[in-house]
Structures are given as C-alpha cells and as structure tokens.
Novice: 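Got a structure here, written out as structure tokens. Questions coming.
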Amino acid sequence: MADIVIDRVVKEFGSFRALQEISLTVNDGEFVALLGPSGCGKTTLLRIIAGLEAQTSGRVVIGGRDVSDLAPRKRGLAMVFQNYAVFPHMTVFENVAFGLRMQKAPQAEVKRRVERAASLLHIESYLDRYPAKLSGGQRQRVAVARALAVEPAVLLMDEPLSNLDALLRLEMRTELKAVLREAGTTTIYVTHDQTEAMGLADRIAVMYGGKIDQIGSPLDIYATPATRFVGSFIGSPPMNFIKVRCSQGTARIGDAALPCPSAGTEMELGLRGEDAILSPSGSGIPFDVRVVEPMGSHLLLTGSIDGQLARIVAPPTAKVNAGQRVSLDVDPTRVTWIDSTTGRVVARD
Amino acid sequence: MPARTSWIPYALIAPSVVFLGALFLVPLVQTIWLSFSAGEGLSLDNYQRMAGDLNFSLAVKNTFLLTLVVVPLQVVLALGMATMVTKLDKGRDLVLWVLTIPLGISDLAAGLAWLALLQNTGYLNSALYALGLIQGPTGWLSQETPVALFIAIMLAELWRATAIVLVILIAGLQLIPKEFSEAAEIFGAKPWTRFTRITLPLLKPSLQSALILRTVLAFEVFAVVYALGGRNFPVLVGEAYVWQNDNQNYGVAASYAVLIMVISLAATAVYLRALRTRPEQLP
C-alpha cells in the first residue's frame with residue numbers, strides 16, 4: 001500500500017509551462033480524480049507520476065520513496081491507458097499475465113492471479129481469445145485486469161472510459177468503483193467527464209491551465225467551488241454567474257436584495273440552477289424565461305436574470321411558459337460570491 | 001450496386017492487365033518456353049547444359065551465400081537504424097534522407113564507386129599505404145583473394161541496399177502506437193524485452209514485406225558483383241548474362257532466368273508462411 005506525494009512538480013514544453021508547481025497528496029487507498037478540460041495538464045501530470053514523462057522540476061514520492069528519477073518499471077505502479085493498449089499479438093490471458101511474467105512469477109502463481117483478476121472483471125470466458133475479437137468494453141476490462149493482476153500499490157488511469165459508448169460507460173463506472181474499492185488500491189484517475197469524477201472519486205482535483213484550482217470531496221467541490229472555473233466546470237447545467245454591484249453588504253437584483261460580502265463592489269453571484277426556487281409570491285429575483293426544456297426528471301429553464309444568461313432547474317410539474325417573467329427565491333447561504341477581477345470565490349462575512 | 005455499372009471495375013483494371021500481359025506474362029511464358037526448347041520439341045537439354053557448366057554450382061553457392069549473409073545483416077542494421085531514427089527529436093528527416101541516399105544510386109554506379117575505393121590503386125590502398133600498412137598496390141578483388149572479394153561485395157551490397165529495408169521498417173514502426181511500448185514499460189519490461197516482446201512481433205508485417213523484397217533482389221544481384229569482381233565471383237544472374245551475351249545461347253540463359261524465378265518464388269512462399277500474421281492478432 002502506498003500514498004503518493006506530488007511535490008511542486010513543474011513541466012515545461014519549450015517556453016510553454018504545462019504544469020505550474022503542482023502539489024498534491026493522495027492518501028493510501030484513496031481514489032483521486034484529476035478533472036479538467038483538455039489541455040489543462042492532467043494527463044501530463046499522470047504521465048509524470050508514471051514516469052513516462054520527465055518533470056522539469058519537483059518530486060514524486062510514492063510510499064515514502066522518491067521515485068522522481070526512476071524508470072516507470074521501478075515505480076511499482078500499474079496503468080490503464082485511454083486506448084487500452086492491450087497487446088494485439090497476445091491472448092487475453094497473456095495480456096493479463098504480462099506484468100507477472102515480467103516479475104518472473106512462477107507459473108502456478110501467474111495462473112492463479114490472472115484467473116482472479118479475470119473473474120473480478122468478468123472476462124474468464126475470453127482468456128484464450130485475441131483482443132481483436134473483443135468489443136471495446138471487453139478490451140477495457142482486459143486492460144483493467146492486466147493492471148489489477150500485478151496487485152499494484154498504485155493504479156493510474158488515463159480516461160479509461162472515454163472510448164466507450166454512454167451506456168457502457170455508466171455500467172463500467174459502477175463496476176470499476178466496486179472492483180477498486182475491493183482491491184483497496186491507491187488510484188489516480190484522469191478524466192474530463194465531471195459525472196465520472198463525481199461518481200468515482202473520494203476526492204477530486206480540478207485542474208485548469210496547468211494548476212489545481214481546487215481539491216476536495218465531490219460534494220464540497222460542487223457546493224462550494226473555489227473559483228469561477230470550478231463552478232462553471234462542475235455541475236449540469238453549469239453554475240450561473242450574474243454580475244452584480246455590491247454596496248454596503250447588499251446586492252440588488254430587481255426588487256430582491258441579497259446580503260453580499262463587503263470585500264469588493266464588482267462581484268458575481270454564483271447560483272446553481274437547482275438552488276433557485278420559483279417564488280409563489282412573485283417577490284424575488286426576476287427571471288425572464290426564454291426556453292423551456294422538459295427533461296423528464298426536471299424542467300430546464302433558460303433565460304436571463306438582469307439581462308444575463310441563466311439556467312434554472314424547476315420541478316417537472318411547474319407551470320412555466322417561454323416568454324414569461326417569473327421570480328426566484330434564493331437561499332443566501334447557498335450562493336457563491338466571486339470577485340469579478342480575480343475569478344476567485346470570496347468568503348461570506 | 002446497380003448491375004449496369006458492373007463492367008466498370010473490369011474496364012478500370014483492363015489497362016493494367018493489358019500492360020502486364022504484354023510486357024510481363026508474354027515474355028515470361030516465352031522465357032519458360034525457350035528454356036525447355038532445344039533443337040526440335042521440348043527437352044531438358046538447356047537445364048542439363050546449365051547444371052553441367054563449370055561455374056554453375058559456384059554461382060548457386062555464391063548467390064545463396066551472399067543472400068544468406070547480406071539479408072540478415074541488412075535486417076539487423078536496418079532495425080537498429082530505424083529504432084534510432086524514430087527516437088530522434090530533431091533532424092529526423094535529414095538523417096533519414098542521408099541514410100537513403102544510396103537508394104537513389106543505380107547499382108552499377110554503386111559498384112563502380114566501390115571499385116574506385118577498393119581496386120589496386122584505389123583509395124583504400126592509398127590510405128593503407130600512407131599508413132605504412134601495405135608495401136604497394138595490393139589486390140583485394142582477384143580470384144586469389146576470395147574472402148576479401150566476398151567481403152567487398154558484401155560491404156557494397158550492405159551500403160547500397162540496406163536503406164530499402166530501413167524505409168519499410170520505419171514506416172512499420174510509425175504504425176505501432178507508442179502506448180504498447182509504454183504499457184510494457186509500466187508493467188516492468190526492460191528495453192530489450194520491450195523490443196523483442198512488443199516491437200518485433202508488431203513489426204512482423206513490415207519485416208515480412210522487407211524480407212521478401214530484399215531477398216528476391218538479393219537473388220538477382222548482378223551489377224555490383226560484376227563491377228567489383230567480374231567473373232571472379234560468379235552469381236546466377238551474371239551467368240545468365242554471360243550465356244546470353246558472350247555465348248549467345250539464349251536457351252541456357254533462359255534456364256538461368258527460370259531458376260532464379262523459382263528460387264525467388266520459393267523464398268517468398270517461405271516468408272509468407274513463416275512470418276504470417278493471423279488476422280485476429282492484427283492491431
């Protein structure tokens with residue numbers, strides 16, 4: 001078992017700084033997702049942890065051992081690649097056995113551990129087939145089984161589900177969570193899919209522009225984003241940002257007044273679509289509905305607050321029509337205040 | 001597909017069929033026919049005359065020896081060079097271009113270039129003389145120095161024709177996604193193991209193409225040998241040339257041509273079988 005300490009890791013490609021002093025600690029047995037849009041540096045960070053890429057500066061410590069300058073094979077980890085990288089010229093059995101063969105494990109041991117990993121991932125019946133004969137989902141299972149067969153202290157996963165179709169992705173996600181929980185492996189999981197990160201991870205590190213904007217539990221990150229970016233990236237629909245003027249601790253939007261932090265005047269009100277309730281009284285934040293989309297479990301209302309785009313989630317039975325002006329009640333404790341100039345969240349007074 | 005367009009594919013390949021038929025199949029059949037005809041009717045006289053010739057067994061031996069030594073060396077060299085070229089970050093194209101220059105030189109010109117280096121008054125001897133290693137002009141390419149002559153021909157062939165293997169292998173290496181090697185590395189494979197367990201097996205289709213092409217061409221070796229050794233080092237195509245031009249015996253020359261073709265076809269068949277990639281093992 002092992003914890004992972006990433007200590008001020010910097011990566012430069014020429015003059016471009018892909019990672020700016022990233023520090024992150026992953027506890028033993030923890031599942032951490034690196035979440036961010038493409039180009040944010042999350043895959044680069046994962047490859048540096050794996051040793052496939054060399055950091056410009058900084059250290060990677062796994063289980064108390066500084067592995068910064070070690071070859072990937074000496075770091076004691078396993079990895080699942082985005083396109084699986086299942087060896088086409090080997091049977092499923094040999095693929096799963098690959099790591100054990102490299103460790104020169106005795107044949108009986110190889111067989112036992114391959115069979116165990118295979119049964120965990122439900123691929124026992126394809127062990128003597130070649131990967132070309134398998135579907136994407138099955139190859140994915142082979143790739144995970146290959147990683148688990150070596151019983152690694154650390155498992156790295158690079159967008160392992162992104163090549164699967166939506167339904168299979170949901171199924172594999174659930175299964176992966178159960179399997180990894182059982183294995184108790186320290187896992188770092190790279191994804192750009194926020195639902196994947198929310199569903200799987202103990203903690204999420206949201207990355208943007210080569211930095212970690214916020215790290216925390218899925219619920220923390222959702223409820224109290226640290227930056228405007230985190231709020232906009234997590235959640236569907238994304239958080240609404242309404243520019244308001246704050247004076248003497250009060251922000252006015254239409255008839256409504258909300259207490260706001262006294263830290264600045266040019267503020268943005270971060271509001272989750274489901275944290276606004278259609279007000280029966282008609283006294284609240286005015287919201288001009290432009291489009292109503294019935295989504296089954298809820299209505300998605302798109303319109304504007306004070307001339308600024310906003311998306312609000314309403315109960316499926318709500319009587320709202322496009323073109324109507326409704327008013328919204330907002331619980332002041334559930335809104336986020338963001339400094340317009342820095343994009344960072346400002347603490348409430 | 002509508003029935004009325006069904007003639008289109010045939011019409012499109014017709015020019016190539018006519019071309020191949022006129023310039024390849026007809027001469028081929030004629031050659032085979034010629035090799036079996038002596039005097040009146042079919043006979044094996046030409047083949048008996050070929051096999052009975054003093055130089056025949058020497059030519060067979062030399063051709064096979066040259067092929068068996070040169071082709072494996074070329075594959076090993078090309079694998080090393082290809083691995084090196086694909087690892088280059090900068091100047092890759094320039095290096096590849098320099099390495100493939102010999103491909104642009106005709107084999108006779110290549111033979112003559114090496115002759116200029118290796119003949120009695122060539123650059124090699126000048127250098128050796130200047131270094132005090134030899135006393136005067138020394139022959140390397142005569143009948144008295146068969147080993148030196150063989151090495152000279154081998155070097156010239158290596159220099160001249162390794163690049164074609166290199167080009168095919170580089171193309172093949174570029175088709176292998178780097179994740180395979182990375183995955184192997186993560187799971188504990190050292191560089192040599194990665195090469196033998198991952199790269200080589202995945203490179204098999206390209207190796208097969210390169211080996212077929214290179215082996216067939218090696219059995220047809222002629223101009224380099226002719227330039228460096230003349231008939232001091234008889235090879236099959238050289239003998240065919242001699243029977244055709246010096247002896248004006250087209251029948252025996254045709255027998256040589258047919259023999260070379262049979263050897264080439266057999267070698268190709270061996271490679272196709274030994275290095276086949278089963279469809280389920282393709283990436």
Side-chain angles (χ1 to χ4, degrees), chain A residues 13-14 43 46-47 49-53 70-92 94-105 126 128-134 139 142-143 145-150 152 154-159 163, chain B residues 75 79 82-84 86-93 168-211 271-283:
Chain A
F13 294 106
T43 294
L46 193 78
R47 290 173 61 83
I49 299 168
L52 294 172
E53 203 94 57
L70 292 185
R73 65 172 191 277
K74 293 180 182 154
R75 295 192 179 198
L77 41 80
M79 184 160 168
V80 178
F81 290 79
Q82 179 168 10
N83 54 6
Y84 321 138
V86 169
F87 306 128
H89 59 295
M90 295 181 194
T91 60
V92 170
E94 283 307 319
N95 263 288
V96 178
F98 190 83
L100 299 166
R101 296 255 190 256
M102 291 301 118
Q103 295 170 5
K104 305 221 165 21
Y126 333 125
D128 50 3
R129 287 200 215 166
Y130 284 94
K133 296 274 178 198
L134 304 181
R139 279 186 226 187
V142 175
R146 176 175 66 183
L148 291 181
V150 295
V154 168
L155 177 61
L156 306 177
M157 303 181 110
D158 185 9
E159 308 236 12
N163 286 0
Chain B
V75 169
L79 272 173
T83 310
M84 187 194 80
T86 49
K87 288 242 156 60
L88 287 178
D89 290 330
K90 282 190 199 126
R92 191 175 159 281
D93 290 347
I168 296 173
L169 293 186
I170 284 182
L173 280 175
Q174 282 168 343
L175 287 179
I176 303 175
K178 70 178 186 341
E179 282 84 0
F180 289 134
S181 190
E182 287 182 349
E185 195 175 357
I186 292 271
F187 288 105
K190 294 185 180 131
W192 180 249
T193 315
R194 290 203 295 278
F195 181 71
T196 54
R197 295 281 310 267
I198 308 294
T199 309
L200 267 188
L202 293 176
L203 199 57
K204 214 161 68 174
S206 307
L207 274 173
Q208 190 188 49
S209 309
L211 275 169
Y271 284 133
L272 285 177
R273 175 130 193 94
L275 290 175
R276 74 184 186 286
T277 307
R278 289 189 287 177
E280 70 264 28
Q281 293 185 22
L282 285 172

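Sequence lines set the chain letters: A, B, ... in the order given, protein chains first and strands last, and positions in each chain run from 1.
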Novice: So, taking the atom named CZ in A:Arg47 and the one named CD1 in B:Ile186, what distance separates them when rounded to the nearest 0.5 Å?
Specialist: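 Reported to 0.5 Å precision, the distance equals 8.5 Å.
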Novice: Answer with side chain, backbone, both or neither: which region of A:Ala147 has an atom nearer than 4.5 Å to a non-hydrogen atom of chain B?
Specialist: both
Novice: Give the minimum heavy-atom separation between A:Arg73 and B:Ala189, together with the two atoms involved.
Specialist: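 Shortest heavy-atom contact: CD-O, 4.0 Å.
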Novice: Pick from A:Arg101, A:Arg129, A:Gln103, A:Arg146: which one has the most heavy-atom pairs with chain B under 4.5 Å?
Specialist: A:Arg146
Novice: Please state whether the side chain, the backbone, both or neither of A:Leu77 comes within less than 4.5 Å of a heavy atom of chain B.
Specialist: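 Answer is both: backbone and side chain atoms of A:Leu77 are under 4.5 Å from chain B.
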Novice: Would you please name every residue forming a side-chain contact (heavy atoms from CB on, under 4.5 Å) with B:Gln208, sequence neighbours left out?
Specialist: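 Result, side-chain contact (heavy atoms from CB on, under 4.5 Å) vs B:Gln208: B:Ile212, B:Leu272, B:Leu275.
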Novice: Do B:Lys204 and A:His89 have side chains that get closer than 4.5 Å, going by heavy atoms?
Specialist: no
Novice: Can you tell me how far the CZ atom of B:Arg197 sits from the CD atom of A:Glu94, to the nearest 0.5 Å?
Specialist: 6.5 Å
Novice: Go through the structure and list residues passing side-chain contact (heavy atoms from CB on, under 4.5 Å) with B:Ser181, not counting sequence neighbours.
Specialist: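 side-chain contact (heavy atoms from CB on, under 4.5 Å) check on B:Ser181 returns B:Arg194.
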Novice: What's the shortest heavy-atom distance between A:Met79 and B:Phe187, and which atoms?
Specialist: O-CZ, 3.6 Å
Novice: How are the rings of A:Phe87 and B:Phe180 set relative to one another: parallel (under 30°), tilted (30 to 60°) or perpendicular (over 60°)?
Specialist: tilted
Novice: A:Val86 versus chain B, heavy atoms under 4.5 Å apart: side chain, backbone, both or neither?
Specialist: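 For A:Val86, the contact with chain B is made by the backbone alone.
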Novice: Please state whether the side chain, the backbone, both or neither of B:Lys190 comes within less than 4.5 Å of a heavy atom of chain A.
Specialist: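 Its backbone and side chain both get close to chain A.
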Novice: Identify which part of A:Arg75 has an atom lying under 4.5 Å from any heavy atom of chain B, answering side chain, backbone, both or neither.
Specialist: neither
